[in-house]
Amino acid sequence: MLNDTLTYEEITANKDKNVMKLIKELASNHSHNLTGKEVNYLCHFDFKTSGFYGLPKIHNSKIICQEPYFRVLRPADLKFRPIRAGPRCPTSRLSNYVDILIKPFTLHVRSYLRDTIDFLNYLPRTVSERTILVSFDVTSLYTNINHDLCVKAMEYWISKHPESLNSRFSKEFIIDSIL
């Protein structure tokens with residue numbers, strides 16, 4: 001996975017301290033939006049560098065799925081889903097905070113599904129026999145999200161539904177936080 005130079009690049013130094021400095025600058029620049037407790041929550045904690053690993057996508061391996069009892073030890077077609085685990089990384093608290101602030105906008109997005117139960121509630125009680133149900137597996141979804149497009153989408157939804165943004169916060173705070 002890490003040999004994919006279009007998605008990943010090797011860095012020579014840990015940038016966690018620089019990221020925390022940027023978060024502190026963000027909090028300072030938007031101090032009129034944040035309480036002291038919120039600044040403390042976002043900026044003052046023992047952060048830790050994220051780990052990176054891959055979860056095997058066993059269900060996509062034709063070799064494994066053909067073998068009974070998973071006897072194949074190293075199938076050639078096994079792919080991995082990249083996981084960047086950072087429950088205490090420098091951006092973890094800011095990400096969580098922004099997620100809470102933008103969650104009300106999901107009510108306006110028709111294609112948003114919260115979870116499996118939400119999906120099942122969305123389906124009609126009966127489905128015509130002519131109906132074809134289709135599912136998609138998006139390859140490397142999160143590593144392929146265009147950041148500029150993400151920012152434009154947030155700007156669009158905040159402009160279209162400003163009432164969904166907590167009145168203490170500005171569009172600029174949200175945009176600066178996701179940059």
Side-chain angles (χ1 to χ4, degrees), residues 1-30 33-34 38-65 70 72-106 109 111-119 135-158 169 171-179:
M1 276 188 301
L2 295 177
N3 288 332
D4 174 6
T5 57
L6 294 174
T7 305
Y8 303 102
E9 71 178 71
E10 185 174 350
I11 57 172
T12 56
N14 187 317
K15 297 184 179 187
D16 287 351
K17 288 182 182 178
N18 291 339
V19 171
M20 279 307 297
K21 183 179 174 189
L22 291 172
I23 292 171
K24 289 176 182 178
E25 286 175 19
L26 172 80
S28 176
N29 292 341
H30 293 279
N33 294 120
L34 301 166
E38 290 166 332
V39 170
N40 190 48
Y41 171 77
L42 296 173
C43 301
H44 304 289
F45 65 99
D46 291 328
F47 58 88
K48 183 178 160 185
T49 300
S50 298
F52 183 88
Y53 61 94
L55 285 178
K57 297 172 86 173
I58 294 170
H59 62 284
N60 289 342
S61 170
K62 288 183 176 36
I63 295 171
I64 289 177
C65 292
F70 298 101
V72 179
L73 296 178
R74 295 180 186 209
D77 68 340
L78 187 61
K79 293 192 165 82
F80 291 85
R81 174 176 288 115
I83 304 293
R84 185 170 175 219
R88 287 183 28 219
C89 74
T91 59
S92 62
R93 291 188 173 189
L94 179 60
S95 297
N96 182 54
Y97 196 68
V98 170
D99 181 60
I100 291 166
L101 293 175
I102 66 174
K103 194 163 293 280
F105 291 96
T106 61
V109 181
S111 60
Y112 174 75
L113 293 169
R114 184 183 61 247
D115 53 24
T116 302
I117 300 299
D118 192 29
F119 171 71
S135 69
F136 296 93
D137 184 14
V138 178
T139 303
S140 302
L141 173 64
Y142 294 107
T143 56
N144 286 308
I145 293 175
N146 181 294
H147 292 222
D148 294 333
L149 194 56
C150 175
V151 171
K152 285 180 183 178
M154 262 331 308
E155 289 173 336
Y156 169 81
W157 287 109
I158 293 171
F169 298 94
K171 178 169 108 174
E172 290 74 28
F173 174 74
I174 299 297
I175 300 304
D176 289 350
S177 295
I178 64 176
L179 289 174

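Residue numbers run from 1 in the order of the sequence given.
- Relative ring orientation between Y97 and F173 is described as perpendicular, the plane-to-plane angle rising above 60° on a 0-90° scale split at 30° and 60°.
- The two residues G86 and S50 make their nearest non-hydrogen contact at CA-OG, 3.4 Å.
- Atoms CD1 and CD, from I158 and E172 in turn, are 8.5 Å apart once rounded to the nearest 0.5 Å.
- When all heavy atoms of F47 and P90 are compared, the pair lying nearest together is CD1-CG, 3.8 Å.
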side-chain contact (heavy atoms from CB on, under 4.5 Å) between N3 and Y8: does it pass, once the steps are laid out?
-> CA-CA 7 Å; N3 288 332; Y8 303 102; over 6 Å; no
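- Considering CG of L101 and CD1 of I174, their distance stands at 4.5 Å, rounded to 0.5 Å.
- Contact check for F52 versus L2: side-chain heavy atoms found under the 4.5 Å cut-off.
- Taken from CG in N33 to CD in E38, the straight-line distance is 9.0 Å, to the nearest 0.5 Å.
- Salt-bridge formation is detected for the pair D99/K103: a Lys NZ or Arg NE/NH1/NH2 atom is positioned less than 4.0 Å from an Asp or Glu carboxylate oxygen.
- To the nearest 0.5 Å, the span separating CG on L22 from CG on D176 amounts to 11.5 Å.
- Taking CD1 of I23 as the start and NE2 of H44 as the end, the distance is 11.5 Å to the nearest 0.5 Å.
- Heavy-atom neighbours of F119 CZ from other residues, nucleotides or ligands within 6.0 Å: at or below the threshold of 12.
- When every heavy atom of C43 is checked against every heavy atom of M20, the shortest pair comes out as O-CE, 3.2 Å.
- With sequence neighbours excluded, no residue forms a side-chain hydrogen bond (donor to acceptor under 3.5 Å, both in side chains) with Y53.
- Crowding of R81 atom CZ: a count of heavy atoms from other residues, nucleotides or ligands under 6.0 Å not exceeding 12.
- Atom NZ of K15 sits about 14.0 Å away from atom NZ of K21, to the nearest 0.5 Å.
- The two residues I145 and H147 make their nearest non-hydrogen contact at O-CD2, 3.2 Å.
- Taking every heavy atom of both residues into account, N146 and D148 meet most closely at OD1-N, 3.0 Å.
- For I178, the side-chain contact (heavy atoms from CB on, under 4.5 Å) partners at least two apart in sequence or on another chain are V98, V151, M154, I175.
- In this structure, the side chains of L26 and S177 come closer than 4.5 Å at one or more pairs of heavy atoms.
- Under the 3.5 Å distance criterion, the side-chain polar atoms of R88 are left unmatched by any main-chain donor or acceptor of K48.
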